[in-house]
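In what follows, a structure is listed as structure tokens, so that the remarks can point back to it.
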2 protein chains.
Amino acid sequence: MSIASSPRTSPAAFSSLPESGSAGADDTAGRPGNDIVELLFFAYRDFVSDPDRLLTQYGFGRAHHRVLHFVERQPGMTIAEMLDILGITKQSLNPILKDLVEKGYIVQRTGTVDRRQRLLFPTDKGRALSLDLTKPQLGRIARALAGTEPDVRAKVTAFLFAMIDPDDHAHVARLVWTEPATDGHDAE
Amino acid sequence: MSIASSPRTSPAAFSSLPESGSAGADDTAGRPGNDIVELLFFAYRDFVSDPDRLLTQYGFGRAHHRVLHFVERQPGMTIAEMLDILGITKQSLNPILKDLVEKGYIVQRTGTVDRRQRLLFPTDKGRALSLDLTKPQLGRIARALAGTEPDVRAKVTAFLFAMIDPDDHAHVARLVWTEPATDGHDAE
DNA sequence: AATTTACGTCAGGCTTATTGACATATTTCA
DNA sequence: TGAAATATGTCAATAAGCCTGACGTAAATT
């Protein structure tokens with residue numbers, strides 16, 4: 001594990017922090033939300049760095065992680081939907097997908113209803129790797145929530161959801177809060 | 001946009017999925033925090049895309065934004081500290097910094113106490129651009145918090161802080177919750 | 001039969017990052 | 001004072017991951 005198991009700093013230190021009341025003419029520092037801008041940067045930086053060591057061992061990058069993750073979360077996903085989720089082009093996706101397929105983490109199947117589609121499914125091997133990669137991230141989240149009031153998880157979740165472009169809300173909600181179907185579509 | 005896939009919308013069965021293979025007792029879908037993993041991805045994706053259009057107009061990239069942002073937040077920052085914050089090498093930073101200096105957004109000054117250091121300061125022009133770039137992000141945060149209970153902001157802030165590597169807590173706290181000094185170090 | 005859709009692929013290019021090696025000015029230490 | 005460490009700059013080579021544009025193919029839709 002890459003995360004130090006050091007004792008958690010006391011959240012009590014959060015009570016009286018300067019949130020406004022700047023010195024300058026334009027209150028640059030006092031803009032509400034400015035701290036969240038920066039915390040988001042640092043939190044995300046550390047968050048995505050969690051699986052990096054493991055990823056490097058496999059010769060994969062973060063893009064591979066994202067693809068594998070979403071395939072595992074929604075087996076049978078189409079290429080088009082993956083592109084939409086990741087916000088990249090098919091030319092960018094292709095080499096990454098090719099890697100994952102060639103190394104046996106993902107299988108592509110011709111769609112049954114629309115034979116133009118190449119549906120993506122994780123193999124057992126792919127599921128196992130996805131699990132390993134996400135583990136340190138889940139650990140980080142669990143530690144961040146440990147000892148907090150029971151409503152924090154729900155409020156954080158709602159906040160993050162509200163941070164997403166409203167146009168994508170329906171899509172994201174379905175992806176995030178829907179069970180991966182137990183289809184028998186494993187390879188092997 | 002062809003986001004047409006399976007219509008399974010039953011958040012009921014979050015308990016037992018037959019997980020074949022290696023990982024054993026882990027229930028893949030029901031892992032707590034899995035939704036936060038994904039929401040963090042989408043929220044951050046949309047969050048960083050906010051300033052992109054503006055950035056492109058200036059011929060800058062996201063790296064320029066980050067550098068400018070932190071210089072504005074902590075005027076007089078050293079190169080070493082910037083490297084530490086961004087987690088990159090000086091070779092990566094240099095061309096970006098050079099851009100910003102040449103175009104008049106940042107000035108470098110020889111340190112007074114240690115003349116080896118090149119302290120970084122924003123110009124008025126730099127501060128203005130930084131403000132413009134951060135504006136849509138602050139707007140997004142404000143919208144996400146609008147109408148929520150008054151404790152949400154503090155709880156989200158605490159959560160994000162706890163998500164950061166504990167080793168960096170002191171450093172980040174100082175950076176985030178310290179006023180930019182009103183030094184007369186403007187370039188003119 | 002013509003068009004559209006879903007996907008694959010080739011080509012070329014950009015930004016941001018990397019490691020390694022070396023140079024220079026300045027501070028600190030012995 | 002001389003040696004070593006520090007802060008920064010720079011050149012070179014490399015790579016991941018993204019981009020646009022263009023073209024091709026199979027399958028569905030009209």
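The chains referred to below are lettered A, B, ... by the order of the sequence lines, with proteins before strands, and numbering in each begins at 1.
Summarising the geometry, the separation between CG on A:Asp52 and P on D:dA16 is reported as 14 Å, rounded to the nearest angstrom. We find that CZ of B:Arg62 is positioned 15 Å from P of D:dG17, with the value rounded to whole Å. Between B:His65 atom NE2 and C:dT15 atom C1' there is a gap of 17 Å when expressed in whole angstrom units. Here C:dG8 presents its P atom at 12 Å from CE of A:Met82, a figure rounded to the nearest Å. As rounded to whole Å, 16 Å separates atom P of D:dA7 from atom CD of B:Gln108. The distance from atom CZ of B:Arg115 to atom P of D:dA7 is 16 Å, rounded to the nearest whole Å. Atom CG in B:Leu120 sits about 11 Å away from atom C1' in D:dT8, given to the nearest Å. To the nearest angstrom, C1' of C:dT16 lies 13 Å from CG of B:Leu55.
A:Gly87 comes within 4.0 angstrom of the backbone, heavy atoms only, and of no base. Looking at heavy-atom distances under 4.0 Å, B:Glu81 makes no contact with the nucleic acid at all.
For the OP1/OP2 pair of C:dT18 and a distance below 4.0 Å, the side-chain nitrogens and oxygens of B:Ser92 include at least one atom meeting the criterion. Contact check, A:Arg66 against D:dC18: a side-chain N or O comes under 4.0 Å of OP1 or OP2. Put simply, B:His64 has no side-chain N or O that comes within less than 4.0 Å of OP1 or OP2 on C:dT15. Within the structure, every side-chain polar atom (N or O) of B:Thr89 is placed at least 4.0 Å from both OP1 and OP2 of C:dA17.
In this structure, A:Phe60 and A:Arg116 both approach DNA chain D, and ranking their closest nucleotides by distance from the 5' end singles out A:Phe60. Position along DNA chain D of the nearest nucleotide to A:Arg118 versus B:Ala80 favours B:Ala80 as the more 5'-ward residue.
In summary, the aromatic rings of A:Phe60 and A:His65 are positioned with their centroids too far apart to meet the 6.0 Å limit. Here A:Tyr44 and B:Phe47 keep their ring centres 6.0 angstrom or further from each other. Remark: aromatic rings of A:Phe70 and B:Phe42 are close, center separation under 6.0 Å.
The two atoms that bring B:Leu175 and A:Glu38 nearest to each other are O-OE1, 4.3 Å, heavy atoms only. Between B:Arg62 and B:Asp52 the shortest heavy-atom distance is NH2-OD2, 2.6 Å.
Atom CZ of B:Arg53 is surrounded by 12 or fewer heavy atoms from other residues, nucleotides or ligands within 6.0 Å.
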Close N/O contacts between protein and nucleotides 9-12 of chain C (under 3.5 Å):
none

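Salt-bridge annotation for B:Asp165 and A:Arg140: present, with a side-chain N of the basic residue lying under 4.0 Å from a carboxylate O of the acidic one.
Listed nucleotides C:dC7, D:dG17, D:dT8 differ in distance to B:Gln117; the shortest reach to its side chain belongs to D:dT8.
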